[in-house]
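A quick write-up on the structure given underneath.
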Amino acid sequence: MPAEEAPLMSESPDDGREAYDFASIQDRWLPVWDEMAPFRSGRPDDERPRKYVLDMFPYPSGDLHMGHAEAYALGDVIARYWVQRGFNVMHPIGWDAFGLPAENAAIKNGEDPVRWTYENIEQQKSSMRRYACSFDWDRLLNTCDPEFYRWNQWLFLQMYERGLAYRKDSAVNWCPKDQTVLANEQVVAGLCERCDTPVTKKKLNQWYFRITDYADRLLEDMQQLEGAWPEKVLLMQRNWIGRSTGAEVQFAVEGRDEPVTVYTTRPDTLYGATFFVVAADSDLAAELATGTEAESEFAAYLERVKRLSDVDRMDSARAKSGVFLHRYAVNPVNGERIPIWASDYVLSDYGTGAIMAVPAHDQRDLDFARAFGLPVRVVVASEADPAVTGEATADDGPHVNSGPLDGLCKAEAIAAIIEVLEERGTGRPAVNYRLRDWLISRQRYWGTPIPIVHCASCGEVPVPLDQLPVTLPPVEGLDPKPQGTSPLGGATDWVATACPRCGGPALRDTDTMDTFVDSSWYYLRYTNPQDDTAPFDPDLVREWLPVDQYVGGVTHAILHLLYSRFFTKVLFDMGLVDFTEPFTRLLNQGMVVMDGSAMSKSRGNLVRLSDELAVHGVDAVRLTMVFAGPPEDDVDWAEVSPSGSKRFLARAWRLSGDVASEPGVDPAAGDLGLRKATHHALHDAATAVESFRFNVAVARAMELVNATRKAIDSGPGAADPAVREAAEAVAIMLSLVAPYTAEDMWSRLGHEPTVALAGWPAVDPALLVEETVTCVIQVAGKVRDRIDVPPGIGEEDLRALAMASPGLVKALEGRAVRTVIVRAPKLVNVVPA
RNA sequence: GCCCCUUUAGCUCAUUGGUAGAGCGCUCCCUUGGUAAGGGCGAGGUACCGGGUCCGAUUCCCGGAAGGGGCUCCA
């Protein structure tokens, strides 16, 4: 035998003894895939059934990090799985490219946000390719492209036309650091979501989307999502919308022509109202205080309230404060005169900004009453006296001190009192929501300009559709630093324009839109990102949407997901889409943490993705992310083993070099035990993937690798057809998680690329059935023997077999039998007398 | 304070009203011509605690503990 056929130090890829070298495998297959574009989803002749798998798109604020690596590895398992199952999968990607992170970084580096953003996008795009994401690269989109944000403006104008976009003066959330307003959803525990600065209030004229009009539908349509979205997200949305039912009740106010309406969820406690409170920062409070002896005290109090940050305001330990306005309200049911106070514990923007206070049965009212020595009157019978205990009672019970309501329970009393109020015209049933309208204007540069022109004679004028997009002026000459008013105001040439209505001189609106506007509909745009005639083609959207599977972080549980649901309903009402929920199924992946806490530079526990990829390879990092646990759980990089993943991949890969049969060999002749293992693994892995237990699917693949190794080394041997069947199944299973390794295995097994399109092997049900089942024989619930029986054994046969089994006879010790419970074929339980 | 989730091997997690499993890790053995490796054997569990239902509970119900998450002046 010539020496070169059995070399000691071979570099030949075919001698079955070379080491697993992830770097060269990556270099070999990436260009092949680039050429093949296996995940292109737009071919018109494609007959496969469609599926839309969507990953939340990234902010281009630097290169990809560990969090991206996890999210995209998980999304890729789903997308690649459905491709293997024969679907035409649309799996697009784009960039959420407007917004504060990009702009702040740009400000800091003194760079043009445009160039900075596009450079980062290029960087991320190339990293995603190397990470082998199964994206359809023909469908890229950037929200900062005028071709995209043009349609933000178009949609804004559609909403404007329908009264769903409007401007109002209001006390808004203000971040003093970013110098911009924030939506309620962007204020987290009183802090700016972006920079953690305590948020203050500022009275400003701002643009809103009327999401509150859709509050009920946002709530009701959640029925469609039950079981398909994480329960946690549905709960958070429900809480956020915060629907409450009750009644509006009118109180006459002495010395005022109009009555004042309050909202209450407990109209049944109306007889227990002992005082009346208006929100200190409401117009009503100012009006009522004017001209009274409380006027100056009130003014001083109001000043204090205005200075309060949200953090201080929400401190639940804070004592109640307020001012008696020396005015009185009249209880509509009993004519009682009750004092009116102003306090900051009543919110000016919820309900009517005024409440009736029932201290006996509302803790906040009781705290206030005790602070200011106001009376407490029990109207729902309870054992303890709230005035003494300091604990308001909220239980149901017979009403007392309540005139006609006496003796009624809560539900009866509510119904009765509402009837009375309606008869007298002093009240009616009412519903309120915690949800507020969505504030969308931002005083920042890097966003979509609001397509409105302000004209001295015509007022607010929408920019005509044929003049869209209103493009951002170049940043040169502008000061993008936050200064409280939009930087666009500095672009005087841009601001000065002609009124589209009268042609006279007019000024452009200088605010930009919240970037959540972009992400509220981008998933529709992927169906044709190049469309320059419409935001999307309704026909294409009908073919692809709604999204079958959405994958992203739970951080967007409220913001992005609620806004997207809102937009979808608006578009449905406009007749542009034929569904009311955009995302049929949702998977929230966890975070990647290090030693139990979030990674950050300042904490010193930052793991760089590029370092991990260099050391372990793309496949090992992806596998580690997927195998770490259920996808919803956090991955602690300190607790996982990428080198273990790499070792496993090497072991799997080596199988492909050991297989000694030819491609296409009939597996039916192969070793039955290994064939069963293969088909069990394929079946279980598929079930696991479909129920998001990707870690379990990986474990099944690992077991199959072990079984195959054993078959080669100490079983039927490398030439057995079952070994090839098993190795090919391993390659296909691994193609979801470790595409490079899988492709190389596939090639070494004698197949053409790409394994990604090989198709999930059909599982033979006959191979999933066991010939015998182990039956457990118990005495009084304790295992005493076990026997092998056919799976189809009848109850009587099994009983007879069991009663004769030595273990049972011994355990019974001749005792009489009271009952025998037979659960064929798995169990017999004998209960002695 | 209110609500939700979790608790099974050293770790990460499966499973099931009826024999408690996997992967990783670990011990030991083999290999030293797959070797900055490979193969094999094995150990390891009172299924958080306490009650209840049941012939039988890790699984279902109730209570408690621990951990995690959400909400938090929304009348």
Listing time: all N or O pairs from protein to nucleotides 24-26 of chain B that are below 3.5 Å?
{"from": "B:C24", "atom 1": "OP1", "to": "A:R651", "atom 2": "NH2", "distance (Å)": "2.8"}
{"from": "B:G25", "atom 1": "OP1", "to": "A:R647", "atom 2": "NH2", "distance (Å)": "2.4"}

Taking B:A65 as the reference, what is the distance to B:C11 when you measure between their P atoms (whole Å, please)?
24 Å
In whole angstroms, how far is the C1' atom of B:U12 from the CD atom of A:E632?
14 Å
Which part of the nucleic acid, if any, lies within contact of A:Q778, taking any heavy atom under 4.0 Å across all strands shown: a base, the sugar-phosphate backbone alone, or nothing?
base
Does B:A75 have its OP1 or OP2 closer than 4.0 Å to a side-chain nitrogen or oxygen of A:S244?
yes
Rounded to whole Å, please give me the gap between CG in A:L235 and C1' in B:C2.
12 Å
Looking across every strand, which nucleic acid part, if any, lies under 4.0 Å from A:T819 by heavy atom: base, sugar-phosphate, or nothing?
nothing
Rounded to whole Å, how long is the line connecting atom CZ of A:R654 with atom C1' of B:G33?
15 Å
Is the gap between the ring centers of A:F368 and A:F275 under 6.0 Å?
yes
Looking only at side-chain N and O atoms, does A:K710 come under 4.0 Å of OP1 or OP2 in B:C41?
yes
Could you tell me whether B:G34 is syn or anti, where syn means a glycosidic angle within 90 degrees of zero?
syn
Taking atom C1' in both B:C61 and B:U72, what distance in whole Å separates the two?
31 Å
Per A:K232 side chain, nearest of listed nucleotides B:U15, B:G69, B:U19:
B:G69
Span that lies between the P atom of B:G52 and that of B:A43, in whole angstrom
36 Å
Tell me whether A:R436 contacts the main-chain N or O of A:D349 through its side chain, where contact means a donor paired with an acceptor under 3.5 Å.
yes
Whole angstroms only, please: what is the CH2-P distance between A:W240 and B:G70?
13 Å
Using the P atom as the reference point in each nucleotide, state the distance between B:C2 and B:G64 in Å, no decimals.
12 Å
What does A:G629 touch in the nucleic acid at a heavy-atom separation under 4.0 angstrom: a base, only the sugar-phosphate, or nothing?
sugar-phosphate
When the aromatic ring centroids of A:F276 and A:W341 are compared, is their separation below 6.0 Å?
no
Pairwise P distance for B:U31 and B:U15, with rounding to whole Å
41 Å
Measure CG/A:L704 against P/B:G23 and give the value in whole Å, please.
12 Å
How long is the line joining CG of A:L655 and C1' of B:G38, in whole Å?
12 Å
Taking B:A20 as the reference, what is the distance to B:U46 when you measure between their P atoms (whole Å, please)?
13 Å
How far, in whole Å, is B:A57 from B:G67 if one measures between their P atoms?
30 Å
Tell me: CG of A:D367 to P of B:U72, nearest whole Å?
18 Å
Looking for any heavy atom pair under 4.0 Å, which part of the strands does A:D633 touch: base, sugar-phosphate only, or nothing?
sugar-phosphate
Side-chain N,O (A:Y350) to OP1/OP2 (B:A75) below 4.0 Å:
yes
Using the C1' atoms only, state how far B:G17 lies from B:U58, rounded to an integer number of Å.
10 Å
